[in-house]
Amino acid sequence: MKALIKYNPALPLLLILLALMIYLSPLYQTGPGLMSFLQRAAPLVILTCGATFVLISGGFDLSSGSLITLVVIAGAMITRGDPAFAGLALASVVGIGLCVGMINGLAVAFLKVPSIITTLGTLLAVKGIAMAWSGGAPSSSLPENMRSLGRGRIDDVPLTGSLPYSVIALIASLAATYWLLHRTNFGRMVFMLGDNPRAAALAGVPTQRVRIACFAVSSLCAVLAGLLLGGYSGVSVDVGGDYALQAVAAAVIGGVVLLGGRGSIAGAACGALTLYAIFTVLNLVGVSQPVRLAVQGAILVLAAAMTSRRE
Amino acid sequence: QVANVDIDKEHAAQVALMSATPNGPADKPWEQWFDAELADTSAHAKPGPYRVCFSNASVSNAWRVTGWTTMKAEVDLHPNEIASFDYADAQGNDDKQISDIRSFLNSGSCDVLIVSPNTSAALTPVVEEACKQLPVITFDRSVNTSCPVTAVRSIGGYAWGKAAADYVVANVPKGGNVLVLRTAPGLDIFETRWAAAEKVFAEADVKVIGNEFVGGDRAKAKATVVDYLSRTGHIDAVWVDLGVVSVAVAEAFQDMGLPYPVITGEDEQDYLQAWKDDGFKGIAPTYPAFQWRTAVQAALKVLKGEPVPAPEWILPQPVITEAERDAFIDPQLPPLHFATCGCESMPGYPQRWGAND
Amino acid sequence: MPLLQMVGISKSFGQVEVLQGIDLTCTAGTLTAICGENGAGKSTLMNILGGVFAPSAGEIYIDGQAISFTHPSEAKARGIAVIHQELNLLPHRSVADNIFLGREPVRFGMLDRRRMNRDSAAALRRLGSDIDPRTPCGALSIAEQQLVEIARALTEEARILVFDEPTAALDESETRALFGLIGELKAAGVAMLYISHRMAEIRELADRISVIKDGRRVATMAAAEASIDNVIQLMVGRALGDFFPQPASAPGGESLLSVRGGGNAQLRGIDLDVRSGEILGIAGLEGSGKAALARALAGVDPFQCGEVEAFDRLGAPRSPRQAARRGIAAIPDDRKRDGLGLSQSLRNNVGLTLRAVTNPLASATSGGRSHRRLDALLAETEVRCADFGMPVGELSGGNQQKVMFARWRAVAPRVWIVSEPTRGIDVGARAAIYRMLRGFAEAGGAVLVVSSDLMELIGLCDRIGVMAAGQLVAELPRGTSEDEIIRHAMRHDPPQVGRSQGQALSARDGDAA
Amino acid sequence: MTAMRATWHQQGIAISLTTASIVFYAFTAVVTGQFSQVSFAGFLGLFERTVALSLVAMGQAVVIAGGAIDLSVANIVSVAAVLAAYFMQNDPGNIAEATVMVIAICGSVGVLNGLLVTLLRVSPLIATLGTSLVLQGILSLSYGALQGTVPKAFQVVAYGKLGGVPVSLLSLLTIALLTAFVLQRTRTGSRLLAVGGNPRAARLAGIHGSRVTVATFAFSAVMSALAGLYLASRLGTGTPWIGRDGSYDLSSIAAAVIGGTLLSGGRISIAGTLAGVLVFAATDAIFNMLQIDPFLSQVLRGVIVIAAVASYTYRSREEAA
Ligand SMILES: Nc1ncnc2c1ncn2[C@@H]1O[C@H](COP(=O)(O)OP(=O)(O)OP(=O)(O)O)[C@@H](O)[C@H]1O
Ligand SMILES: Nc1ncnc2c1ncn2[C@@H]1O[C@H](COP(=O)(O)OP(=O)(O)OP(=O)(O)O)[C@@H](O)[C@H]1O
Ligand SMILES: O[C@@H]1[C@H](O)[C@H](O)CO[C@H]1O
Ligand SMILES: [Mg+2]
Ligand SMILES: [Mg+2]
């Protein structure tokens with residue numbers, strides 16, 4: 001148990017919550033039920049994995065929630081509901097995500113604006129662009145083919161019964177971010193950058209490029225999260241909201257250290273699943289909204305305290 | 001403000017109005033009103049053209065977008081009467097709206113002030129201040145003072161909530177499970193809707209299995225429905241206080257391969273369309289966006305010294321049932337367009353409201 | 001009765017026992033030197049005395065009275081002042097603010113700034129320094145910051161004063177001023193504890209010497225009876241052979257790095273060749289520009305004018321990254337601040353430069369091969385530790401420095417720019433580092449060593465360049481005496497104009513940060 | 001001359017931000033022909049836009065200078081406003097007691113924040129996010145449970161004038177001067193900056209860092225409480241979302257940092273913080289005058305936040321993260 005906590009502080013908590021979910025609801029005793037849990041948690045988990053790059057490099061990305069909103073709106077505005085334009089829309093939102101990530105990264109790396117401030121600025125700007133583009137309410141919906149990523153699934157899968165596309169996207173992005181952070185030279189540079197940027201620069205690390213890349217990864221994950229969320233529930237201007245802070249909280253629960261240098265994708269993913277499981281269990285138990293918020297706050301603080309105790 | 005009025009009396013009054021016949025032209029519901037005094041406004045009369053100022057709470061949801069577009073179109077209908085139309089958007093912030101209004105007052109460039117208050121109580125002091133300088137019209141939400149020349153609104157939240165709740169009660173089996181999805185606590189417009197529905201549900205033999213705030217977020221709404229399905233296994237009806245989330249509710253059932261329950265909504269195109277296509281049982285009480293037109297018309301009447309219904313200009317509030325539904329559907333219009341905009345005959349319709357050409 | 005007695009002090013961090021039953025006494029008016037290898041536990045012991053850590057076991061007595069501290073403020077209240085090994089200053093606050101931090105004089109509830117400035121200036125003058133007490137500390141050089149730390153301890157008027165490697169960053173004249181002061185304090189009856197890796201200092205200052213090895217006290221003796229060789233033997237556990245390696249057999253070969261008329265904001269007219277097979281030393285007083293020269297060659301603050309040629313390729317490296325790609329290694333003088341990611345593993349630190357110059361998307365592990373290669377490098381560089389996966393911050397200073405060398409060895413550089421290679425490093429590790437530097441040269445590399453430690457330059461280098469006022473003012477052959485070097489270094493007046501400009505610049509940097 | 005340079009060195013950011021805001025504001029008013037906006041009353045209106053955020057931002061600046069960050073300020077503002085109205089219940093006799101209660105309750109929330117950070121060693125961002133969620137829970141109860149209005153007499157705080165100048169502005173200035181004085185001229189101030197600038201150095205200098213940290217959170221909470229009281233007075237009541245809708249959390253951080261307070265701690269400028277808030281108020285007013293689409297104005301505001309900070313960070317040699 002101790003070793004487990006050391007390896008991943010969120011894991012025990014997650015297991016307890018999953019057990020509670022399974023105990024409380026007949027749905028989660030089935031394969032498809034659990035798959036639907038993963039489907040709904042996927043956007044937060046993916047976003048958290050992306051945010052982890054920025055967090056480990058020592059920064060914050062508060063703009064990802066707004067970017068989710070912009071992605072959903074852009075998807076609707078570009079396609080105007082026509083499936084034929086889905087490819088164009090997909091390419092565009094990836095482009096938009098890269099742009100936002102680059103702007104965040106450039107402002108932090110070259111203008112030396114602290115990332116909290118930079119991404120607060122882009123949070124406002126990106127949300128503003130989404131709203132201005134749609135005029136406050138998007139004039140069309142997302143075409144079915146774009147929605148299928150967040151909504152569709154493969155049926156008759158052995159073991160789990162069904163396999164939502166979201167879950168496939170989740171696994172793919174976990175694998176990709178894990179590889180990038182823990183298996184490549186780039187990943188090692190990210191850790192060093194968060195630990196001691198000066199030392200990294202003097203050792204030949206292209207710190208500015210690495211930093212920009214971290215923001216780009218975070219933004220691309222936000223784009224994917226946006227596609228999944230938009231696909232799951234359709235276009236709306238309220239989607240996205242407080243996702244950025246939730247991702248930070250999830251990462252911290254998963255043992256990522258704010259201000260950089262330490263953390264892991266496995267931890268971040270567990271942290272995000274834990275956070276989402278907390279939401280789900282509180283729903284299942286049926287506590288009222290005020291109590292639920294309070295419990296969320298308390299668990300967040302306790303989980304973070306547990307993590308810091310570890311050191 | 002729900003707490004400051006006699007709820008039962010207000011409730012009864014609204015219910016009575018729903019079956020009453022309004023005054024004014026039946027084909028222009030935005031010009032109609034229910035039995036109120038027509039107030040003399042000659043004291044405010046002055047020669048045109050007029051400088052109209054509008055302090056808006058926000059354009060934070062689709063209903064307000066439809067309304068705001070309609071309002072601008074209405075302004076364009078009066079090129080000779082309106083010299084200028086100054087606009088300030090408080091972005092949902094009471095404190096900013098107070099500053100915005102004071103800045104209008106200070107500018108001296110307004111002949112009349114239209115206010116769509118963000119929070120009733122909070123805007124009361126500054127509206128009182130404004131009333132001392134110029135005629136004020138409020139619409140949508142109101143303020144807790146009678147100083148504005150008139151407060152434009154439709155019949156009200158109680159009637160809205162009751163209409164949908166009555167339909168739910170009539171269409172679910174005895175002891176059926178009802179899930180309630182709400183937007184946010186503390187906004188009178190939503191609180192009244194729920195207050196009425198709560199009463200209806202309490203008196204009928206249905207079980208409210210949950211009462212959740214989803215903040216107008218479809219993803220949250222959909223996930224909440226799935227959570228409730230997994231908890232209770234069966235839902236007979238979902239009552240919402242805001243129509244934007246209704247389609248997400250329907251999708252939740254669709255995705256889980258379950259039969260649709262009764263799903264209430266509003267007069268948004270996508271809800272009406274889904275209701276038609278998916279064939280669930282539904283109802284769309286409306287909170288007509290055409291009141292944004294009425295506010296401008298009221299302002300002009302006041303400045304011209306023409307009588308207006310006062311202290312409240314109560315507009316009709318149709319409830320769309322399955323029988324009337326298809327007449328409100330126009331696939332050209334954007335999914336989040338509100339059908340009761342009263343804008344069909346305005347110039348630029350439907351492109352100006354975002355229709356695909 | 002001794003003023004201070006520490007009895008049976010033990011301390012462990014988690015599982016690691018750092019101190020085991022240490023006894024130490026100190027009498028008023030005497031100086032006790034504490035010797036030991038890097039990581040022996042010297043600073044930990046002093047931190048316990050200063051109230052920074054609570055001991056796991058043991059007692060402290062002052063005037064025979066048992067005391068225990070839970071916070072440094074309590075130690076201060078008992079008249080204990082510690083000059084810590086690491087600088088602990090607030091970069092944005094003035095020298096005076098730093099000196100009086102936590103015990104500011106007040107008048108009518110307001111800070112008495114005038115008195116703070118006056119007293120700070122006075123304390124600094126006693127150390128032979130004329131730093132303006134209103135300067136923000138971030139604008140000072142490391143040596144000046146060290147003087148501020150010492151001045152702070154002095155103004156505390158403590159009865160027990162601890163010096164933890166106070167001279168590591170100081171130059172000759174500053175060190176002399178400090179030693180003069182220590183004499184005065186002795187006369188005034190202050191009890192002092194003094195930690196240094198410089199044996200000459202110990203011999204000069206100490207009344208008694210305590211040697212700590214692996215967290216245990218192995219000996220305490222009167223300084224008069226101790227021989228340095230004996231102390232070293234006790235510290236290291238074996239006799240050291242020749243401290244400095246043999247010089248180059250043949251004088252330098254082809255020039256691997258050559259500068260003609262190099263200059264920038266801090267340097268003027270630098271003409272320099274670093275040749276294959278030789279170790280070139282650079283000496284100079286504080287502010288002479290010797291560190292600036294190292295930064296320029298390493299591409300950190302590159303030359304703005306002049307011609308630089310490295311490996312027959314024209315042009316100076318414009319950034320550390322370019323330098324790294326061109327085979328120029330740079331070991332910074334402050335390894336904690338500029339060199340290491342302290343919470344990263346040894347392997348991560350060692351692999352850093354190699355990774356930085358190869359494809360970022362390439363595998364960092366290549367199926368374990370990369371690990372084996374890094375481990376081999378660490379072993380070759382004689383890094384001693386429990387596990388190459390542990391955080392580098394848990395290593396002793398000497399081992400951390402070896403990690404820096406291992407990092408650069410991974411990219412097989414031809415030119416080494418090494419700043420203060422043995423600052424704060426014990427005698428054993430020091431000898432190993434000297435051997436390593438000589439080894440680089442013998443393998444055909446060109447090594448440039450910038451150091452404030454003249455003995456080190458004289459013992460190690462084949463040639464010594466002397467900097468003053470941003471210029472290279474002399475080039476002296478092997479065998480030059482200390483006096484000769486100092487004579488050249490002092491020949492030019494300190495660069496007053498350049499200095500104040502430099503300060504203004506860095507003050508602005510500090511602001512913007 | 002040197003005095004001028006020293007002032008510029010210390011307050012350069014504050015001076016340039018204030019000048020820029022006022023010049024742009026006046027320029028826009030004149031160009032758009034809205035001359036009344038550059039009258040005495042017009043400027044007072046502009047400055048009144050800053051009161052609530054200035055209070056919160058000063059508290060935030062102190063927390064930031066102390067090396068932490070406070071995300072709970074917005075909900076504390078709401079709690080204060082709601083409680084003020086609830087305790088006063090439209091009775092002038094309750095004003096004093098209610099004010100004290102509100103400040104005490106919010107102050108204890110601040111102390112709680114501080115204890116979570118120091119005792120449980122939770123990162124400030126997470127700790128205050130946590131308390132913020134708890135407060136939000138309480139606030140969503142408050143709509144039904146904690147209703148009330150403030151008496152007319154209390155509205156003097158927001159609407160009263162003294163010699164033609166709003167009482168609120170005078171109080172704000174007094175509080176700002178006091179805060180700046182304490183920060184610059186007392187031991188308290190120097191301890192705060194020490195803990196924020198280098199906690200280890202502060203501890204070694206004998207300073208009890210935890211006490212300082214707890215105090216900064218308490219101060220920030222009290223400033224948010226004052227903002228809540230002011231808003232209750234201005235709105236005549238307390239609404240549960242007034243703090244969140246005003247986005248006081250992120251705005252206060254932005255204002256403090258724009259004004260030259262160091263995000264990593266150790267340096268603060270109260271004048272700069274007020275100037276940072278003025279930038280926001282002026283942009284609001286300017287966008288209104290120019291009738292810029294509110295969504296577009298949000299985009300511009302985002303750009304201004306980044307540009308304002310970049311205008312002095314871009315020369316820095318230190319890496320930002
Ligand atoms: N806070 C800490 N946590 C864990 N280990 C520590 C801590 N501080 C010191 N150590 C370990 O304790 C041992 C003794 O360290 P200390 O700093 O006392 O050595 P030292 O004798 O002063 O060495 P040096 O000559 O390099 O200054 C080292 O192995 C060090 O890694
Ligand atoms: N980043 C900088 N920007 C501007 N001027 C600087 C900077 N760093 C140092 N200086 C100034 O340049 C001159 C040379 O500084 P440098 O650090 O090279 O001195 P040094 O004697 O070589 O140092 P050391 O004590 O490390 O041996 C000094 O006057 C110093 O104040
Ligand atoms: O006041 C309006 C209406 O109630 C609408 O139904 C939804 O949005 C609110 O802002
Ligand atoms: Mg030491
Ligand atoms: Mg130097």
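In this text, all values refer to a predicted model and were calculated from it rather than measured experimentally. Sequence lines set the chain letters: A, B, ... in the order given, protein chains first and strands last, and positions in each chain run from 1.
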Quiz item: In terms of heavy-atom pairs under 4.5 Å with chain B, which of A/G152, A/G136, A/S140, A/G230 leads?
Solution: A/S140
Exercise. Side chain from CB out, backbone as N, CA, C, O: work out which of these in A/S162 comes under 4.5 Å of a heavy atom of chain B, or both, or neither.
Key: neither
Quiz item: Would you call B/D227 and A/R40 a salt bridge, using N to O less than 4.0 angstrom?
Solution: yes
Quiz item: With a 4.5 Å heavy-atom cut-off, do A/N283 and B/E212 have their side chains touching?
Solution: yes
Exercise. Among B/V244, B/L229, B/V226, single out the residue with the greatest number of heavy-atom pairs under 4.5 Å to chain A.
Key: B/V226
Practice problem: Sort B/Q254 into side chain, backbone, both or neither according to what part of it lies under 4.5 angstrom from a heavy atom of chain A. | Solution: side chain
Quiz prompt | Over 12 foreign heavy atoms within 6.0 Å of CG, A/D156 | solution = no
Practice problem: Pick whichever of B/G215, B/A219, B/A221 has the most heavy-atom pairs under 4.5 Å with chain A. | Solution: B/A219
Quiz prompt | A/F85, CZ atom: more than 12 neighbouring heavy atoms under 6.0 Å | solution = no
Quiz item: Side chain, backbone, both or neither: which part of A/P138 has a non-hydrogen atom closer than 4.5 Å to chain B?
Solution: both
Self-check item: Pick from B/H337, B/Q269, B/E251 with the largest number of heavy-atom pairs that fall under 4.5 Å of chain A
Solution: B/E251
Quiz item: How many angstroms lie between OH in B/Y228 and CG in A/L27, if you round to the nearest 0.5 Å?
Solution: 15.0 Å
Exercise. Identify whether the distance between the nearest side-chain nitrogen and carboxylate oxygen of B/R218 and A/D238 falls below 4.0 Å.
Key: no
Practice problem: Measure across A/S141 and B/P335 and return the closest heavy-atom pair with its distance rounded to 0.1 Å. | Solution: N-CG, 3.7 Å
Practice problem: Hey, could you give me the NZ/CG distance between B/K222 and A/L229, rounded to the nearest 0.5 Å? | Solution: 10.5 Å
Quiz item: With respect to chain B, which residue among A/S139, A/A76, A/A137 yields the maximal number of heavy-atom pairs within a distance under 4.5 Å?
Solution: A/S139
Self-check item: Under 4.5 Å from any heavy atom of chain B - which part of A/F37
Solution: neither
Quiz prompt | Most contacts with chain A, counted as non-hydrogen pairs under 4.5 angstrom, among B/D255, B/V59, B/D217, B/T66 | solution = B/D255
Self-check item: Shortest non-hydrogen contact from B/A223 toward A/Y276
Solution: CB-OH, 3.8 Å
Practice problem: Please state whether the side chain, the backbone, both or neither of A/L24 comes within less than 4.5 Å of a heavy atom of chain B. | Solution: neither
